Every structure is written in C-alpha cells, then in structure tokens.
J.: 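Structure provided below as structure tokens; questions to follow.
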Amino acid sequence: MIRLEGVGKRYGRGEPVLVDVDLDVPAGRVIGVLGSNGSGKSTLLRILAALSRETSGTVVGTPRVGYLPDRFPAGQRMSARAYLRHMARIDGHVDLSAIDPLLDRLALVGGPDAPLRTLSKGNAQKVGLAQAVLAAPDLLILDEPWSGLDVEAHTVLGELVAETRERGASVVFTDHRAAAVHAHADDVYRMDAGLLTRVETAAKTELATRIVLHGPGGDWSAEPGVSQAVTDGEKVVLTVEAGHTDAVLLRALNRGFSVREVAPCSP
Ligand SMILES: Nc1ncnc2c1ncn2[C@@H]1O[C@H](COP(=O)(O)OP(=O)(O)OP(=O)(O)O)[C@@H](O)[C@H]1O
C-alpha cells in the first residue's frame with residue numbers, strides 16, 4: 001500500500017522531527033501509532049498523506065488517501081452537507097447519497113444543515129471524519145481521531161475503522177492512549193522524539209476481549225480473530241484477540257445479533 005524507507009524530516013533549519021523512519025503499511029491492516037505530544041506523529045501522518053514532503057529517505061506508493069487532521073478547520077459559513085458535497089465534487093469518487101446517512105450515523109448535532117462554524121470541536125471532527133471516509137480511500141489516515149468525540153461516536157469510529165479494513169483498505173491512526181491503540185490496531189508502533197519503533201505484539205495478546213452476543217447462534221469458532229466460542233442456545237460467548245474486536249462486533253451486528261457485553265479478559 002505504502003512504505004516509508006529511512007524517512008527523515010526537519011522543518012527549515014530546526015532539529016530533526018523524524019529520524020530514519022521505516023514503516024510498512026500493507027493492504028487491509030490497521031496501524032496504530034502511540035506517542036506523546038510533539039513526538040512527530042502528525043508529521044508522520046502528513047508525510048503518509050503526501051501533504052508534507054520528507055527531507056530524506058523514500059516514500060514508496062501513492063494510495064488514494066482519506067485524511068482527518070488533528071484540528072479540522074471548521075470556520076466556514078456553509079453547512080456540513082454543503083461542505084461535504086463540495087469536497088465530494090472535488091474528489092469525484094463520492095456517492096453523494098451517502099453523506100446524510102453517515103452524518104446521521106455519527107449523530108452530528110444540528111444535523112446536515114448545521115453551519116460548520118457553529119459546530120463544537122467534536123462535531124466538527126465528525127464532519128472531518130465523514131469527509132475522510134466518504135471517498136472510500138485506499139488508505140485512511142486519522143490523527144488522534146478518538147479525542148474530542150463522544151462515546152457514541154467512539155463506537156461508530158471503531159466500526160468505520162473495521163469496515164475500512166474489511167474492504168481491504170488500510171488505516172493508520174495516532175493516539176496517546178495505549179489501550180485505545182491496542183484495542184483497534186493490528187500493528188502498534190511508538191513514536192518517541194522522531195524515532196518510530198514497533199511495539200511487540202506480546203503485550204497485545206494480553207488484551208483479549210470477551211464478547212457476549214444474543215441472537216441466531218451458529219458456529220463462531222472459525223471466525224477470524226475468535227480464539228474461543230461457546231454457544232448456548234441464543235447466547236454466544238466469544239474470546240476475541242486484540243485488534244479484532246471491532247470487526248467481530250461489526251459482523252455480529254450485521255448478522256442480527258445484539259451485543260450484551262464487551263469486556264477485557266485474558267486470552
Ligand atoms: N509546520 C511546522 N513548522 C515547524 N515546526 C513544526 C511544524 N509542524 C510541526 N513542527 C514541530 O515538529 C515537532 C513534532 O510535531 P508533530 O505535530 O508532528 O507532533 P505530534 O506527535 O503530532 O504532537 P501532538 O500530539 O501534540 O499533535 C514539534 O516540535 C513541532 O513543533
């Protein structure tokens with residue numbers, strides 16, 4: 001999909017912000033990048049989105065990108081719907097009839113007619129998220145997407161990430177909370193003062209999820225990411241490997257199950 005090889009970045013004559021970064025983003029994979037403020041995460045994402053140019057090293061691949069910046073610029077007078085239609089026409093790939101249902105799903109306060117400049121930070125971010133996913137990009141890049149969103153939108157965001165992976169596209173997102181990154185990412189990296197290192201997946205296997213479903217039963221043991229499945233009539237209890245929770249929940253909901261419980265557990 002896209003690969004960074006020995007990428008370095010400095011702004012002007014300043015100190016290096018990225019140092020010799022190697023990152024492979026395969027198709028159908030969700031990559032989470034942890035790191036503290038100022039460590040270089042947003043710079044890394046802007047280079048992946050081709051919005052900033054590396055100072056050294058190589059970027060291989062030019063996927064079609066959907067990008068949610070850390071601060072969505074929402075000063076405009078136009079409505080959320082008008083903005084998204086405008087951006088969709090520029091992009092050329094967007095099904096315009098998908099705009100209102102997505103804003104509805106994200107529970108945009110004020111609805112599609114809300115002028116952008118009246119929106120709160122979280123609601124503006126929902127519009128930015130909608131813009132990023134509407135074009136069904138090959139690579140969805142999300143800068144701190146969970147921050148500022150309400151709990152209901154957190155669930156929808158998790159579903160959107162899972163849906164993106166399910167259709168074979170990739171996601172790269174940042175967050176400063178380890179639990180959030182481990183819960184949603186297949187591969188976890190840490191950015192520290194411009195150095196990107198892979199976080200061992202051993203830590204990840206400690207974070208399985210127990211999901212209790214109610215619905216039409218069936219055999220869940222062969223589902224991707226499901227390490228254990230116990231069916232008792234209409235009750236199904238799953239142990240799901242970290243990084244697969246959203247995809248399994250999405251499949252369950254699509255198959256008519258209701259979700260009764262989601263909790264961390266040992267694998
Ligand atoms: N356009 C720019 N010009 C000059 N310096 C910049 C620019 N953008 C970022 N920097 C600097 O690069 C460093 C890394 O910034 P970056 O935004 O990539 O970090 P971050 O990890 O995303 O931080 P945060 O979590 O606070 O958003 C910071 O020291 C920042 O001041």
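Counting convention: from 1, in listed order, for ligands and their atoms alike. The structure presented is a predicted model; accordingly, all values stated were derived computationally and were not measured.
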J.: Name the closest protein heavy atom to atom 19 (O) of ligand 1, giving the residue it belongs to and the distance to 0.1 Å.
T.: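 Here the closest protein heavy atom is Gly40 N, 3.2 Å.
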J.: Can you confirm whether something in the protein, heavy atoms only, sits under 4.0 Å from atom 16 (P) of ligand 1?
T.: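 At least one protein heavy atom is under 4.0 Å away.
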J.: As an exercise, identify every atom of ligand 1 less than 4.0 angstrom from a heavy atom of Ser36.
T.: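 Near Ser36, the atoms of ligand 1 are 21 (O).
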J.: Decide if atom NE2 of His86 counts as having more than 12 heavy atoms of other residues, nucleotides or ligands within a radius under 6.0 Å.
T.: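 Count not over threshold, so no.
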J.: What I want to find out is whether Arg3 reaches Glu5 closely enough, with some N-O distance under 4.0 Å, to be called a salt bridge.
T.: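 Glu5 and Arg3: salt-bridged.
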J.: Should Glu15 be listed as contacting ligand 1, given a heavy-atom distance under 4.0 Å as the test?
T.: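 It does not; every heavy atom stays at 4.0 Å or beyond.
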J.: Which residue and atom name correspond to the protein heavy atom nearest atom 9 (C) of ligand 1, and how close is it?
T.: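 Here the closest protein heavy atom is Tyr11 CE1, 3.4 Å.
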J.: Can you find a protein heavy atom under 4.0 Å from atom 4 (C) of ligand 1?
T.: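 So atom 4 (C) of ligand 1 has protein heavy-atom neighbours under 4.0 Å.
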J.: Distance to 0.1 Å, residue and atom name: give those for the protein heavy atom nearest to atom 22 (O) of ligand 1.
T.: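 Checked against all protein heavy atoms, atom 22 (O) of ligand 1 sits closest to Ser42 OG, 2.6 Å.
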J.: Between Val65 and Asp138, is any pair of side-chain heavy atoms under 4.5 Å apart?
T.: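 No. Closest side-chain heavy atoms not under 4.5 Å.
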J.: For ligand 1, which atoms have a heavy atom of Asn37 less than 4.0 angstrom away?
T.: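 Taking each heavy atom of Asn37 in turn, ligand 1 has 23 (O), 24 (P), 25 (O), 26 (O) under 4.0 Å.
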J.: Tell me which one of Asp175, Leu34, Thr174, Thr43 gets a heavy atom nearest to atom 18 (O) of ligand 1.
T.: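 The residue whose heavy atom sits nearest atom 18 (O) of ligand 1 is Thr43.
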J.: Can you name the closest pair of heavy atoms from Leu84 and Ala130 and give their distance?
T.: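 Closest pair (atom of Leu84, atom of Ala130, distance): CD1-CB, 4.0 Å.
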J.: Identify, for atom 29 (O) of ligand 1, the protein heavy atom at the shortest distance, and state residue, atom and that distance.
T.: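 Sorting protein heavy atoms by distance from atom 29 (O) of ligand 1 puts Gly38 O, 4.3 Å first.
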J.: Do NZ/NE/NH1/NH2 and the carboxylate oxygens of Glu163 and Arg105 come within less than 4.0 Å?
T.: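 Looking at Glu163 and Arg105, the cut-off is met.
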J.: Taking the six-membered ring of Trp220 (Phe, Tyr or Trp), confirm whether the NZ or CZ of Arg251 is under 6.0 Å from its centre and within 45° of its axis.
T.: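 No; the conditions do not both hold, so Arg251 does not lie above the ring face of Trp220.
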J.: Do ligand 1 and Val17 have nitrogen or oxygen atoms that lie under 3.5 Å from each other?
T.: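 Between Val17 and ligand 1 (N or O atoms, distance only) the closest approach is not under 3.5 Å.
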J.: Closest non-hydrogen protein atom to atom 25 (O) of ligand 1, residue and atom name please, with distance?
T.: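 Going by distance alone, atom 25 (O) of ligand 1 is nearest to Lys41 NZ, 2.9 Å.
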J.: For the residue pair Val17 and Gly40, what are the closest heavy atoms and their distance?
T.: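 Between these two residues, the closest heavy atoms are CG1-CA, 4.0 Å.
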J.: Do Arg177 and Asp175 sit within salt-bridge range, that is, some charged N less than 4.0 Å from a carboxylate O?
T.: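 Looking at Asp175 together with Arg177, the answer is yes, because their closest N to O distance falls below 4.0 Å.
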J.: Please state whether Gly194 comes within less than 4.0 angstrom of ligand 1, counting heavy atoms only.
T.: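 Outside the 4.0 Å threshold, so no.
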J.: What I'd like to find out is whether the side chain of Asp187 reaches to under 4.5 Å of the side chain of Arg198, using heavy atoms alone.
T.: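 A side-chain contact exists here, since the closest heavy-atom pair is under 4.5 Å.
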J.: Taking only heavy atoms of Ser39, which atoms of ligand 1 are found under 4.0 Å from at least one of them?
T.: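 Listed by number with element, the hits are 19 (O), 20 (P), 21 (O).
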